[in-house]
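In what follows, a single structure is set out as structure tokens and then discussed.
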Amino acid sequence: MPQGQPTVVPNDGLTTRQRRNRPLVFVHTGTGKGKSTAAFGLALRAWNQGWPVGVFQFVKSAKWKVGEERALKTLGETGEGGTVAWHKMGEGWSWVQRDIESSEEAAREGWEQVKRDLAAESYKLYVLDEFAYPMHWGWIDTDEVIEVLRNRPGTQHVVITGRNAPEKLVDFADLVTDMTKVKHPMDAGQKGQRGIEW
């Protein structure tokens with residue numbers, strides 16, 4: 001186990017162990033590729049620790065066959081690590097938006113389910129995949145999200161992915177990574193490919 005030393009020790013009254021084990025909020029945002037990929041990597045670590053993992057896909061189409069879904073569900077069924085539940089929010093949203101109203105409703109219903117699960121402490125790690133979009137678009141109130149996350153019981157970790165994460169959420173989160181695109185094959189006209197994009 002790495003034994004890194006923090007550069008700052010806050011005067012918060014917590015012991016080193018209490019501070020080390022406090023629940024975290026992660027935000028993976030930016031225009032670059034890898035936001036969801038990094039979140040699913042975190043889910044693998046959580047599974048390995050025996051933690052129950054809940055994945056909530058807010059934006060990508062529910063019809064897409066996501067490789068991480070199959071892998072994590074299969075691992076969750078082995079009984080060797082934690083359980084894995086995968087929730088697709090309604091019909092989802094693809095890069096070609098067709099029905100904004102039903103997508104907005106599905107996102108709100110999804111957020112209500114996340115709130116219920118947080119209150120019940122259903123999972124130790126929540127992956128709210130592409131959840132930054134519904135907040136950015138004004139479908140879900142960022143202040144409410146922050147309030148719910150601030151007051152969540154137990155030691156539940158939450159990772160939120162998606163471009164354009166609201167500044168308030170970025171300020172609130174414990175760990176924020178901004179994926180910056182430097183270069184992408186799609187810029188040169190190459191379509192997404194099996195094993196890379198899905």
Side-chain angles (χ1 to χ4, degrees), residues 1-30 32-58 68 71-87 110-111 113-132 135-136 140-180:
M1 172 87 183
Q3 299 294 318
Q5 295 296 319
T7 55
V8 175
V9 177
N11 186 15
D12 55 11
L14 298 176
T15 66
T16 301
R17 181 180 300 272
Q18 288 170 325
R19 197 174 302 111
R20 176 182 291 146
N21 294 323
R22 71 184 182 84
L24 301 173
V25 173
F26 303 78
V27 173
H28 300 172
T29 193
K33 181 173 170 51
K35 298 176 287 293
S36 296
T37 304
F40 294 137
L42 189 60
L44 285 173
R45 289 181 177 174
W47 170 83
N48 185 57
Q49 292 298 321
W51 295 0
V53 176
V55 178
F56 297 80
Q57 274 194 305
F58 276 86
E68 295 93 343
L72 281 165
K73 280 179 157 179
T74 300
L75 287 171
E77 292 168 2
T78 65
E80 295 180 24
T83 58
V84 177
W86 198 286
H87 307 276
W111 171 236
Q113 182 60 51
V114 170
K115 290 195 302 188
R116 287 189 292 271
D117 283 328
L118 285 166
E121 298 183 58
S122 300
Y123 308 107
K124 178 93 171 177
L125 176 71
Y126 294 73
V127 176
L128 308 187
D129 190 35
E130 310 289 7
F131 188 51
M135 285 184 277
H136 175 70
I140 295 171
D141 181 60
T142 303
D143 291 331
E144 179 191 351
V145 171
I146 291 169
E147 192 62 24
V148 167
L149 294 179
R150 178 180 284 120
N151 295 310
R152 69 194 186 281
T155 54
Q156 302 176 93
H157 303 280
V158 179
V159 56
I160 296 170
T161 73
R163 295 180 183 201
N164 301 310
E167 196 61 39
K168 287 180 181 179
L169 180 68
V170 167
D171 290 343
F172 169 74
D174 300 290
L175 185 152
V176 178
T177 299
D178 188 331
M179 306 281 189
T180 303

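Values in this document were obtained by computation on a predicted structure and should not be read as measured data.
With rounding to the nearest 0.5 Å, the separation of OG1 in T37 from CD in E68 is 5.5 Å. The line from CG of D129 to CD of Q57 is 5.0 Å long, rounded to the nearest 0.5 Å. Within the model, atoms CG of L24 and CG of L149 stand 12.0 Å from one another, a figure rounded to the nearest 0.5 Å. Here N21 contributes atom CG and T16 contributes atom OG1; the two are 10.5 Å apart, rounded to the nearest 0.5 Å. With rounding to the nearest 0.5 angstrom, the OG1 atom of T142 is 10.5 Å from the NE2 atom of H136.
Inter-residue side-chain proximity for L118 and V158 is flagged as met; some heavy-atom pair is nearer than 4.5 Å. At least one side-chain heavy atom of E144 sits less than 4.5 Å from a side-chain heavy atom of K115. In this structure, the side chains of V145 and F172 stay at 4.5 Å or more apart for every pair of heavy atoms. Side-chain contact between L42 and L125 is present, with heavy atoms from C-beta onward closer than 4.5 Å. At least one side-chain heavy atom of M135 sits under 4.5 Å from a side-chain heavy atom of I160. The shortest distance between side-chain heavy atoms of R163 and K35 falls below 4.5 Å. Considering only heavy atoms from C-beta on, D178 stays 4.5 Å or farther from V170 through its side chain.
Closest non-hydrogen pair, Q156 versus D117, comes out as OE1-O, 3.8 Å. Between A165 and A132, the closest heavy-atom pair is CA-CB, 3.9 Å. In plain terms, the two heavy atoms of A85 and H87 that are nearest each other are CB-NE2, 3.7 Å. Heavy-atom minimum distance, V127 versus A43: CG2-CB, 4.2 Å. Of all heavy-atom pairs between T29 and N164, the closest is OG1-N, 3.3 Å. Across every non-hydrogen atom of L169 and I146, the tightest pair is N-CD1, 3.9 Å.
Looking only at distances, no side-chain donor or acceptor of W111 sits under 3.5 Å from a matching main-chain atom of I140.
Results of the ring-ring contact (aromatic ring centres under 6.0 Å, His included) test with W86 over F56, F40, Y123, Y126 single out F40 as the only residue that passes.
Partners of H157 according to the ring pair (Phe, Tyr, Trp, His ring centres under 6.0 Å) rule, which considers only residues two or more places apart in sequence or in another chain, are W51. Taking D12 as the reference, P10, L14, R19 meet the side chain to side chain contact (heavy atoms under 4.5 Å, CB included) condition, with sequence neighbours excluded.
Counting non-hydrogen atoms of neighbouring residues, nucleotides and ligands closer than 6.0 angstrom, the CZ atom of R17 reaches no more than 12 such neighbours.
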